Structures are given as C-alpha cells and as structure tokens.
Amino acid sequence: MSDEESSTFSEASGVKTDTVEAEVPSNPCRNTMIPEGVLPSYLATAFGELYEEDGLMVMAKGLGWMSLLASFVRFYGDVEQGHLALLQEQDEDEQKLPSGHQTISKTKPPLVLVLGLRDVEHDALLSILESWGTPHHMMPKSITNESGQSKDRAIEYEKGGVFCVTSRILIVDLLSNVIRSQDIDGFLIAHGDQVSSESTEAFILRIYTSQKRRDEAFIKAFSDSPEGLVSGFSKIDKTLKQLHVRNLYLYPRFHDAVTSELENGWDVEELQQSLSPLMKEIQSSIVAALQTCMKELKSLTSALVEWTGEELSIENCAMPNFHKSVKRQLEKEWHRLKPQTKQLVEDLRVLGSLFQKLIQDDCVRFWMILNNIKSNSAGARHPSMWLLTPSAERLFKTAKARIYKIEAGKPTASVPKPVSRLVPVLEENPKWRLLKTILTEIKEKEEAKKKDQTALAPPTTILVMVKDSSTLRSLRQYLVEGRDRALANKFHDYLSHYNDRRRYIADGKNMSEESRLLYEEESR
C-alpha cells in the first residue's frame with residue numbers, strides 16, 4: 001500500500017496510531033481528584049485523548065483499563081473539581097468545548113451510564129475508587145433487579161450522577177420512558193469489542209443517538225481484548241459503527257508512552273523452570289497424539305484444502321487459538337465435512353489445551369481432566385480416535401504415575417500371594433515449587449532488613465499473577481496449606497469422586513485390584 005493510500009485509509013477509519021504525530025490535549029484529570037503517582041503517565045495521556053474525542057480505547061492486557069475507566073467515573077461524578085468545573089472554566093474563557101460536552105447541565109451532576117461491567121469488574125471498580133479516597137456521594141450507583149420499581153429508578157436517574165446499570169434493565173427503562181435519551185449525557189462502555197449488531201448495548205446506543213444530537217452526547221468505550229477485533233471480516237469498522245464513534249485508540253505494550261513508563265525503574269529477572277521427567281513424557285505423548293490427528297485430518301481434507309507444513313506444525317498446535325485457524329480454513333466447506341472430520345478439529349483443540357493444563361494445574365486436576373475427556377468421548381456418537389492410539393495409553397499411564405503407584409508385595413513361603421499396596425506420589429508442579437522458593441527467599445531478605453533497621457519498616461507487598469480463577473484457588477491452597485496437605489486434600493476429593501460410582505459394591509467383589517486399593521485408600 002502506498003503512502004497516499006495509507007493516509008486516505010487512516011482518515012476514513014478514524015484510527016489513531018503512533019505513526020501520526022498529533023498534539024496530545026492537556027489532561028483534564030486533576031491531581032486533587034486522584035492521588036499523585038497512582039496512575040501511570042500513559043493512562044493520563046489516554047485519558048486526555050479519549051476525553052477530547054469519543055472513541056474506542058483498546059489497551060493491551062494488564063495495562064490497567066479498569067483504572068482508566070475509574071478515572072472517568074470519578075471525573076464525571078465530581079461536581080466541584082471534575083467535569084462540571086471544567087465546563088464552567090471553559091465558558092468563562094469562551095473556549096470551544098470538547099465534542100459531546102456542549103450542553104450538559106450545570107445545575108446537577110451529568111447523568112452518565114456505565115454498561116458492560118461484569119460483577120467482578122464492578123467490585124473492582126468500587127475498590128479502585130475507594131482506594132483513591134473517593135467520597136461516598138461521588139461513588140457510582142448500581143442499578144440491578146433489586147433496585148426497586150421503575151418509579152424508584154426514575155427518581156434516581158433524575159438526580160444525575162454516574163450509574164452502573166445492566167443493559168437488560170436499561171433497555172426496558174428506555175422503551176418504557178422511565179429514562180429519556182435527552183436526559184442522558186453520555187455512556188461509558190466496558191468491553192466495547194463485544195458490541196455487535198445483535199447485542200443489547202448496540203440497540204441502546206441506536207436509540208440514544210437517534211433521539212439526541214451527537215454533538216450533545218459522548219460515548220467512550222474501553223477494551224483490553226485486541227484479539228477480539230481481528231476475527232471476522234472488517235470487525236473494527238463494524239464495531240465502531242455499532243458504538244457510533246469514529247476514533248480507535250490503540251495502546252499496545254510497545255506504545256511510546258507505555259514503554260517509557262515501564263522501562264523506568266523496573267528490574268526484570270526471568271527464571272526458567274524445567275519440567276519433571278514424567279511431565280516431559282506427557283508432553284511427548286500429547287505431541288504424538290497431535291501428529292496422529294493432523295495426519296488423519298490431512299488425509300480426509302486433502303481434496304478441500306491444500307495444507308502447508310507450517311499451518312499444521314507442532315509449534316502452532318501449542319498455540320491457544322490453533323484450532324480456530326484450522327476451522328477457519330475449513331469454514332467454507334464445513335457443511336460438507338464428515339462428523340469424524342469435525343471431531344478431529346475438536347480433538348486438536350482439546351490436545352492443544354492439554355499443553356497449558358499440564359503446566360498450570362496440579363497433577364490431580366490434570367488427571368481428572370484426562371478422565372473427563374475419556375468419559376465424554378465414550379458417550380459421544382463419534383468418539384475421539386486418538387484415545388485408541390498407543391500415545392494415549394502412554395499419556396494416561398504417565399499422568400497416573402504422577403499421583404500414585406501400585407507396589408506388589410514380595411511373595412514368601414508363608415505368604416505366596418501377597419497383597420499389593422497403593423503408594424501416593426503426588427508430584428508437585430515444578431513452577432509452583434519455584435515460586436514458593438522465591439517467596440521464601442524474599443521473606444528471609446525482608447526479615448534480615450528489619451533486623452538491621454531501627455525504625456519500623458512498612459510491610460512488603462508481593463503480587464502474584466495467574467491466568468484464571470481456578471489456578472488462583474489451587475495456588476492459594478498450595479501456598480497457605482503447604483504442598484503435602486494441599487495435594488492430599490485434592491487426592492482425597494478425587495478418591496471420593498472416583499469411588500462414588502462403586503459404593504454399591506459392599507463386599508468388594510467384582511472390583512479390580514486397583515479399584516479396591518483406591519477404595520481402601522479413601523477410608524484411611
């Protein structure tokens with residue numbers, strides 16, 4: 001694409017990137033509103049850009065979009081030093097107001113609605129505002145199904161302020177005239193990348209923009225999922241159209257404002273932890289199962305798709321969205337595929353996820369995941385063919401060896417047929433062991449510093465980042481209860497679940513030796 005064509009495209013789409021040098025507006029968010037040093041400089045820059053012109057702010061994960069949203073909530077809720085005060089100063093100086101703020105009432109707080117927040121994010125928003133010392137009357141009000149009848153909500157809307165409301169309640173209030181579009185000053189939309197033509201949020205914004213002049217309203221959307229804007233055809237244009245905004249603000253980690261902030265004063269030390277021998281064997285078994293599935297998929301779809309070596313490489317299979325790229329290749333011919341072929345695509349997804357599960361989860365949970373895969377396949381109309389391969393047998397055998405092993409007794413003259421016994425192994429996650437070692441080292445260094453200091457030092461805060469809530473619960477249990485107790489409790493839960501289906505056998509007959517040992521292990 002030529003420079004001239006690129007310039008034309010940028011002007012038409014309204015996308016603002018680092019390649020365009022523009023004067024950043026001064027940050028209207030005052031230091032008296034948010035404690036100094038709390039927000040990084042790049043969030044202050046993003047605040048100024050989004051406040052000046054409406055748009056969709058897309059940030060990389062972990063850059064703090066919730067803090068940016070909290071800044072806008074605090075700014076619009078503060079009557080004395082926030083948005084209203086800025087409007088009064090601009091009127092006095094006879095300056096042109098920013099787009100979307102010309103006719104907001106100055107006798108009461110602006111009516112601003114926050115959409116798209118999940119329950120956990122709503123709690124996080126309140127926690128951030130409380131940590132900034134936000135007064136109670138500036139906190140956002142929550143509108144839920146327990147907020148009274150429509151007349152009660154109408155009274156609350158009339159007072160103005162910032163409201164966190166669900167889209168289901170708001171659309172009912174708009175259609176029943178509990179709240180008028182003319183009274184709403186603007187919207188703050190969380191997860192703007194998920195707004196589509198079928199979503200309730202898009203319906204609300206269509207009603208809002210059709211009944212109120214666009215230059216008298218503002219719509220500011222936020223997202224921390226840039227990958228959600230690249231799937232499908234022209235997804236960005238469609239999303240901006242449904243949001244009724246023209247500008248797209250991109251803040252990746254390589255943004256100049258972000259890199260300048262994160263590179264100052266940070267010492268990064270990367271530690272690499274090797275897998276245990278059993279985990280390495282599990283990985284090789286998963287790779288062998290993947291190769292079997294890919295070979296079968298190629299043979300079944302060779303007449304439809306011409307696969308390249310890179311598309312179905314093992315390196316790509318370990319990526320989280322690998323199965324989506326394969327499914328996208330077969331999308332045009334999906335209706336012609338046999339059920340076995342569709343099952344192979346699903347098997348690629350399942351096997352690819354096992355790479356991550358092996359590293360993230362403990363040995364007991366990983367074993368339960370494998371058992372669930374086998375159970376689901378057994379009841380399916382078209383079972384997974386990789387479960388019948390030698391690699392699958394080796395995978396299950398090795399995963400079980402991380403939890404327990406069965407030792408056969410040595411026969412003697414008095415006891416020619418000794419009873420076998422079950423020995424718990426309960427291999428811990430190597431990454432968790434490394435984390436515990438690091439935390440122990442930090443604790444020892446801090447205790448040594450406290451002994452050398454005469455004054456009382458503030459407590460040390462350590463933040464451990466995990467991927468999901470399931471890993472959070474397991475890791476917390478591991479760190480609080482210790483390795484032996486945490487894994488023993490998980491193993492006991494597994495035994496209870498495993499033996500539930502066999503408790504009707506009271507005398508132990510018709511049980512395999514392994515089932516009998518597991519049944520006895522639970523009662524110990």
Side-chain angles (χ1 to χ4, degrees), residues 61-62 120 271-290 314 317-323 346-377 384 386-387 391-405 422-439 463-500 518 521-522:
K61 292 185 184 298
V120 177
L271 302 177
Q272 295 183 355
Q273 174 64 49
S274 59
L275 300 179
S276 66
L278 291 177
M279 295 177 72
K280 290 180 180 179
E281 188 172 350
I282 290 175
Q283 268 194 343
S284 62
S285 300
I286 297 174
V287 169
L290 276 170
I314 297 299
C317 290
M319 302 301 291
N321 295 325
F322 169 72
H323 69 285
E346 177 64 16
D347 291 341
L348 291 178
R349 182 193 68 82
V350 173
L351 289 170
S353 66
L354 290 181
F355 283 115
Q356 301 296 326
K357 298 295 183 182
L358 176 63
I359 300 174
Q360 293 175 1
D361 296 329
D362 56 82
C363 59
V364 179
R365 178 168 173 78
F366 183 76
W367 173 242
M368 295 180 69
I369 291 174
L370 290 180
N371 285 332
N372 289 336
I373 293 174
K374 181 184 287 186
S375 300
N376 294 335
S377 178
S384 301
W386 70 270
L387 290 172
S391 59
E393 183 180 355
R394 187 170 66 253
L395 170 62
F396 279 82
K397 182 179 178 180
T398 310
K400 184 194 298 184
R402 297 180 65 205
I403 305 177
Y404 64 87
K405 60 182 179 179
L422 187 145
V423 180
V425 177
L426 300 179
E427 181 183 65
E428 65 178 330
N429 191 315
K431 189 163 60 172
W432 294 5
R433 182 176 63 246
L434 177 61
L435 174 62
K436 191 172 184 178
T437 303
I438 295 173
L439 295 177
L463 177 63
V464 180
M465 304 292 292
V466 297
K467 186 174 182 179
D468 50 36
S469 57
S470 175
T471 307
L472 174 62
R473 289 191 298 268
S474 299
L475 184 57
R476 181 190 289 120
Q477 187 179 10
Y478 174 82
L479 295 176
V480 174
E481 299 180 359
R483 169 196 176 276
D484 296 335
R485 184 175 180 182
L487 292 178
N489 289 338
K490 286 181 174 294
F491 185 44
H492 184 270
D493 293 340
Y494 163 72
L495 291 176
S496 177
H497 175 75
Y498 179 85
N499 294 324
D500 275 344
L518 290 173
E521 183 68 22
E522 182 188 4

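Values in this document were obtained by computation on a predicted structure and should not be read as measured data. Heads up: numbering here begins at 1 and tracks the sequence.
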Asks: Could you tell me whether the side chain of F396 reaches within less than 4.5 Å of the side chain of K400, counting heavy atoms only?
Replies: no
Asks: Could you pull out the closest heavy-atom pair between E428 and Y478, with the gap in Å?
Replies: OE1-OH, 2.5 Å
Asks: Do F355 and V287 touch side chain to side chain, with heavy atoms closer than 4.5 Å?
Replies: yes
Asks: Check whether any side-chain heavy atom of Q360 lies under 4.5 Å from a side-chain heavy atom of S474, and answer yes or no.
Replies: no
Asks: Nearest 0.5 Å, please: how far is CG in L290 from CG in L348?
Replies: 6.5 Å
Asks: Ignoring hydrogens, what is the shortest heavy-atom contact between S384 and D347? Give both atom names and the distance.
Replies: OG-OD1, 2.8 Å
Asks: Please report the interatomic distance CG(L422) to NZ(K405), rounded to the nearest 0.5 Å.
Replies: 10.5 Å
Asks: Might you work through the side-chain contact (heavy atoms from CB on, under 4.5 Å) test for K374 and L370, ending with a clear yes or no?
Replies: CA-CA 6 Å; K374 181 184 287 186; L370 290 180; over 6 Å; no
Asks: Measure the CH2-CG distance between W432 and L487 for me, rounded to the nearest 0.5 Å.
Replies: 7.5 Å
Asks: Can you check whether I373 reaches W386 side chain to side chain, under 4.5 Å on heavy atoms?
Replies: yes
Asks: side-chain hydrogen bond (donor to acceptor under 3.5 Å, both in side chains), that's the test. Do T471 and D468 meet it? Break it down for me.
Replies: CA-CA 6 Å; T471 307; D468 50 36; 2.6 Å; yes
Asks: Restricting to non-hydrogen atoms, name the atom on L278 and the atom on T398 that form the minimum distance, rounded to 0.1 Å.
Replies: O-CG2, 3.4 Å
Asks: So, taking the atom named CZ in R402 and the one named CZ in F366, what distance separates them when rounded to the nearest 0.5 Å?
Replies: 7.0 Å
Asks: Set out, in order, the CA-CA distance, both residues' side-chain angles and the distance that settles side-chain contact (heavy atoms from CB on, under 4.5 Å) for M368 and Y494, then state yes or no.
Replies: CA-CA 8 Å; M368 295 180 69; Y494 163 72; 3.8 Å; yes
Asks: Does any non-hydrogen side-chain atom of L275 lie less than 4.5 Å from one of I282?
Replies: no
Asks: Using a 3.5 Å distance criterion without hydrogens, assess whether the side chain of S285 forms a donor-acceptor pair with backbone atoms of E281.
Replies: yes
Asks: Give, for atom CG of L495 and atom NZ of K490, the distance between the pair rounded to the nearest 0.5 Å.
Replies: 13.5 Å
Asks: Is the backbone N or O of D361 less than 3.5 Å from a side-chain atom of N429, with the two atoms forming a donor-acceptor pair by type?
Replies: yes
Asks: Take atom CD of E481 as the centre, draw a 6.0 Å sphere, and report whether it contains more than 12 heavy atoms from other residues, nucleotides or ligands.
Replies: yes
Asks: Would you mind reporting whether R433 and P430 have side-chain heavy atoms less than 4.5 Å apart?
Replies: yes
Asks: Could you tell me which non-hydrogen atom of L479 sits nearest to which non-hydrogen atom of L435, and how far apart they are?
Replies: CD1-CD2, 4.5 Å
Asks: Between C363 and I403, what is the shortest heavy-atom contact and its length?
Replies: O-CD1, 3.7 Å
Asks: Tell me the closest heavy-atom pair linking R483 and V425, and the distance in Å.
Replies: NH2-O, 3.7 Å
Asks: Between D493 and V364, is there a side-chain heavy-atom distance shorter than 4.5 Å?
Replies: no
Asks: Once rounded to the nearest 0.5 Å, what's the spacing between atom CE of M279 and atom NZ of K431?
Replies: 8.5 Å
